[in-house]
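Okay, so here's the structure we're looking at.
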Amino acid sequence: MQKCYINGMGCVSSQETYDTSFLESVEINTTENIVYAKQPSYKELIPPAAARRMAKGVKMGLAASTKALKEANVEVPDAIITGTGMGCIEDSEKFLKALIDNNEEYLTPTNFIQSTHNTVGAQIALGLGCKGYNFTYVNGSISFESALLDAKLQLENEEENTILVGAADETSSHTMELFKLVNIIKKESDQPYSVLDSNSSGVVYSEGATFVTLENVKKENSYAVLEALQIQNELNIDEVESFISSFLEKNNLKIQDIDVVVLGNNGDISFDTYYTAVDSLFDQIPQVYYKHLSGEFNTASAFGFWVAASILKNQAIPQVVKMNSFEKANFSKVLLYNQFQGKDHSLVLLSKC
Amino acid sequence: MEALKQELKSKIIEVLNLEDIAIEDINDNDPLFGDGLGLDSIDALELIVLLDKEYGIRLADPKQGKAIFESIETMAAYIAENRTK
């Protein structure tokens with residue numbers, strides 16, 4: 001079976017992650033319950049005639065994928081696999097609003113065309129002239145991991161050699177208002193917002209896109225190897241420990257073989273208890289968190305993947321993502337664990353090249 | 001007629017999201033499709049909806065579109081003659 005190398009990555013997020021080195025400049029938000037992505041300059045990336053119809057999520061996805069391919073020195077991948085929780089929700093809202101406002105008349109094509117979940121993957125393929133396998137997974141908070149799993153299986157079985165895998169999600173005004181109403185988003189009165197010292201339910205919501213070039217050959221600038229991953233729709237808190245232990249066992253690993261654990265804590269006290277259950281398993285190694293930087297959204301775990309792979313490549317953990325004070329000289333294996341509201345659990349194992 | 005042309009340019013910029021184009025950049029006789037503004041078939045559909053929504057004009061024969069959407073000048077003339085609102 002072929003190995004699955006991460007040979008390039010691009011990340012657009014609420015931090016300066018696109019044009020800068022790995023987390024060299026970050027801002028920690030404590031006052032906004034919705035944090036918007038810092039948009040790269042699209043003029044050099046997307047022709048103006050095409051960009052005028054593209055929603056934010058599509059543009060972020062195009063930018064992240066362009067960087068991921070460039071880093072891997074790949075012009076056109078064999079396949080494009082995307083994960084998204086809510087797709088192009090901004091255009092969906094515009095289309096539905098027009099439907100209601102105009103009494104189901106005067107429906108214009110652009111918002112409709114751009115409102116489907118697979119617009120991001122489709123626009124990337126159109127831009128590259130990639131006619132290969134193109135698939136979009138819409139599986140809530142395991143959308144990115146579902147895309148990764150598909151890519152990993154295809155690479156391991158030599159069905160494809162180079163796959164662009166990624167995730168994109170955008171915020172939109174009406175959906176954010178609904179999320180506030182149902183307490184998915186933290187209240188203004190819960191300020192200052194914090195992930196580790198939170199005493200409120202709900203999350204700080206955000207958006208972003210992360211793309212990765214996966215190949216079955218190692219390159220000079222490879223980040224890491226995608227070793228294994230597992231997804232599970234639902235788990236009780238008391239099942240998390242055995243979920244992780246059996247995953248490690250399946251991969252012939254013990255707890256002590258893991259050098260860093262990257263956790264998806266998001267400051268929602270109702271569900272961060274899932275991560276507390278993991279703390280005790282990995283209480284002697286560095287623990288990393290990232291949603292104080294990325295915010296929460298369906299594919300925020302792709303930002304965590306970017307953090308984990310960058311730690312393996314750089315062999316260093318930036319201070320700003322450290323949850324504890326344990327140090328290690330070398331990092332060989334990183335385990336990521338994420339869940340959202342007690343559902344959509346994922347484990348991803350990366351190793352040093 | 002001059003006011004209608006200005007209004008039309010403004011609406012086209014808004015509906016078609018022509019972010020980098022100002023009203024002054026569009027000449028009355030510039031072709032809307034091809035070499036001029038460079039609009040495409042999706043834009044043509046947007047313009048058909050614009051005529052219906054804003055001026056109450058429904059194009060019964062799509063073949064008419066080619067002549068009507070040639071330029072701002074031809075569009076404004078057709079609207080002035082056929083508008084119902």
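Chain letters run A, B, ... following the sequence lines, proteins first, then strands; residues in each count from 1.
- Here the closest heavy-atom approach between residue B:V49 and residue A:L107 is recorded as CG2-O, 3.7 Å.
- Using a 4.5 Å cut-off between heavy atoms, B:L16 contacts chain A through both its backbone and its side chain.
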Enumerate, including both backbone and side-chain atoms, all donor-acceptor pairs under 3.5 Å from chain A to chain B.
unit_1, atom_1, unit_2, atom_2, d
A:R52, O, B:N17, ND2, 3.1
A:R52, NH1, B:L16, O, 2.8
A:R52, NH1, B:D43, OD1, 3.1
A:R52, NH2, B:D43, OD1, 3.3
A:R52, NH2, B:D43, OD2, 2.7
A:R53, NH1, B:D40, OD2, 3.2
A:R53, NH2, B:D40, OD1, 2.5
A:R53, NH2, B:D40, OD2, 3.1
A:R53, NH2, B:D43, OD1, 2.9
A:R53, NH2, B:D43, OD2, 3.1
A:E105, OE2, B:R58, NH2, 3.1
A:T110, N, B:E46, OE2, 3.1
A:T110, OG1, B:E46, OE2, 2.4

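- When all heavy atoms of A:P109 and B:L45 are compared, the closest pair comes out as CG-CB, 3.6 Å.
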